[in-house]
2 protein chains.
Amino acid sequence: MAETEKKEDRRVRRTKKLLTAALTQLMQEKQISEITVRELTELADMNRGTFYLYYKDIYDMLEKIEDSMFEALDRIIDLEENESVDRQTKPILLKLFQFIEENQEMCRVLLSPNGDMSFLHRLNGVMREKCLRFFRAAEAESWDGDFDYHYNFLMFGTAGLIRAWVNRGCPESPAQMAELTDHMIRRGGLDLQNN
Amino acid sequence: MAETEKKEDRRVRRTKKLLTAALTQLMQEKQISEITVRELTELADMNRGTFYLYYKDIYDMLEKIEDSMFEALDRIIDLEENESVDRQTKPILLKLFQFIEENQEMCRVLLSPNGDMSFLHRLNGVMREKCLRFFRAAEAESWDGDFDYHYNFLMFGTAGLIRAWVNRGCPESPAQMAELTDHMIRRGGLDLQNN
DNA sequence: TGACAAAGTCAACACAATGTTGATTAATGA
DNA sequence: TCATTAATCAACATTGTGTTGACTTTGTCA
């Protein structure tokens, strides 16, 4: 459990970084399933056996990368919770988008057609915990047993927003995106007349 | 291009149906990438060589299954367009949810953690065309260059709703879901006070 | 109904990626 | 500096792949 224990040997850091870079590149070109350990290590210019020192297979590697991302996200958002006393969603969204911007390369491939559904689901799960406190406290009794539906709509919608944003290369600032997301969540996307 | 040309030999239909059932089952248990042609055909109780008569590999098979789903969806929604003259989003949503209900097994696995990101993206693309006419004609000039963001939020949000629904086994009727979705799209998920 | 065409079976094949090994060399950090 | 640990390299059995040709079974349609 004790993550980032002390910090690894420089060679280990180097190796993992090279492998991650190679994987990110390959995932832009093809399905994860089509990526072999052989070509990954060839691209990273290292011995094939070295890969197995750290990962069981490609999927195990991707999962471990996601692990460390979620850990970082966890730290950031828990920190936020202490700072802000008010019940706004915006601060938490701002932190989220700042995090996405910093990890935009990996987020882009994970949300691309070659991406990983389980990443979406994990993001869904992690954010759900964070959001529950905000939502439940607010006057959200209106959705009773429908919370699941409401939450899934808003979370997946936000994921769609993130996807579009990273696909464009994050031209807007995290603050702008947090503002837009907050607006979408509160007032919906269609400002139509009531029919 | 000429799809469903005449209709295939009964043996071909049988084979493809058995393979599809086997794939659906296996995808509930494991990642697509971990599914081998060998075990798939063993489960379907047929010769391994038979698989290669129709599909290049597992991914090719999944893609072809998705193809036929999108074809069916296309027909349904194009039909709808002729029937309804008004500019409501609800009729199109109703047809969508009816379609999902009929294909709920496959939809459930495709949207599960073991699912297929490219399915989401294809759904995104197909529905985008359909929705453009409705949205553009409506008073939706408010979002100008931001259409992409709005659309992605609403489409992914709807996908999240679909996911939650099929995961529960579609207890609500398609009409109820269309109503809920319409509400989410128009008024957003949070009915909070304007802060 | 019966004949022909097409689908499915079976065994065999070369090929490629996997995951693991033991011995050796190189880099790190205290 | 030196003991420790990472990385390399070659080799290995194993497994899935994709394809072949000869065969048996099944469906279609005249």
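To find a chain, count down the sequence lines: A is the first, B the second, and so on, and within it residues start at 1. All figures in this text were calculated on a predicted structure; none of them were measured in a lab.
Residues forming a salt bridge (Lys or Arg N to Asp or Glu O under 4.0 Å) with B/D57 (at least two apart in sequence, or on another chain): none. Shown here are the side-chain hydrogen bond (donor to acceptor under 3.5 Å, both in side chains) partners of A/R122, two or more places apart in sequence or in another chain: A/D67. Under the rule for a salt bridge (Lys or Arg N to Asp or Glu O under 4.0 Å), B/K56 has no partner lying at least two apart in sequence or in another chain. Take A/R11 and apply the salt bridge (Lys or Arg N to Asp or Glu O under 4.0 Å) test, not counting sequence neighbours, and it matches A/D9. Scored by the salt bridge (Lys or Arg N to Asp or Glu O under 4.0 Å) test, B/E179 finds B/K90 as partners (sequence neighbours excluded).
Rounding to the nearest 0.5 angstrom, the gap separating the CZ atom in A/F97 from the OG1 atom in A/T181 is 3.0 Å. With rounding to the nearest 0.5 Å, the separation of OG in B/S33 from CD in A/Q31 is 9.5 Å. With rounding to the nearest 0.5 angstrom, the CG atom of A/L180 is 8.0 Å from the OH atom of B/Y149. Rounding to the nearest 0.5 Å gives a distance of 11.0 Å between CG of B/L94 and CG of B/D182. One distance of note links CG of B/L110 with CG of B/D116; it measures 6.5 Å at 0.5 Å rounding. A/E63 CD to A/S68 OG: the interatomic distance, rounded to the nearest 0.5 Å, is 11.5 Å.
Each of B/R10 and B/I58 was matched to the nucleotide of DNA chain D holding its nearest heavy atom; the match closer to the 5' end belongs to B/I58.
Rounded to 10°, the angle separating the first-five-pair axis and the last-five-pair axis of the helix from C/dT1-D/dA30 to C/dA30-D/dT1 equals 40°.
Protein chain B touches strand DNA chain C; the 5'-most and 3'-most nucleotides with an atom under 4.0 angstrom of its non-hydrogen atoms are C/dA6 to C/dA12.
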With a 3.5 Å cut-off and sequence neighbours excluded, list the donor-acceptor pairs that the side chains of residues 16-25 of chain B form with protein atoms.
{"residue": "B/K16", "atom": "NZ", "partner": "B/E8", "partner atom": "OE2", "Å": "2.6"}
{"residue": "B/T20", "atom": "OG1", "partner": "B/K16", "partner atom": "O", "Å": "2.8"}
{"residue": "B/T24", "atom": "OG1", "partner": "B/T20", "partner atom": "O", "Å": "2.7"}

Note to self: Pair A/F99, A/F70 - check ring-ring contact (aromatic ring centres under 6.0 Å, His included), show working.
What the structure shows: CA-CA 10 Å; A/F99 174 80; A/F70 282 116; 8.2 Å; no
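Residues of residues 32-41 of chain B having a heavy atom closer than 4.0 Å to DNA chain D, listed by number: B/T36, B/V37, B/R38. Listed in residue order, the members of residues 17-29 of chain B having a heavy atom less than 4.0 Å from DNA chain C come to none.
Within the structure, side-chain hydrogen bond (donor to acceptor under 3.5 Å, both in side chains) contacts touching residues 36-46 of chain B (residues at least two apart or in different chains) are B/K30-B/E39.
Relative to the ring axis of A/Y151, A/R128 places its NZ or CZ within 45° and under 6.0 Å from the centre.
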Margin query: Across nucleotides 1-13 of chain D, 5' to 3', mark each nucleotide with B, S or - according to how protein heavy atoms within less than 4.0 Å reach it.
Written below: ----BSSSB-B--
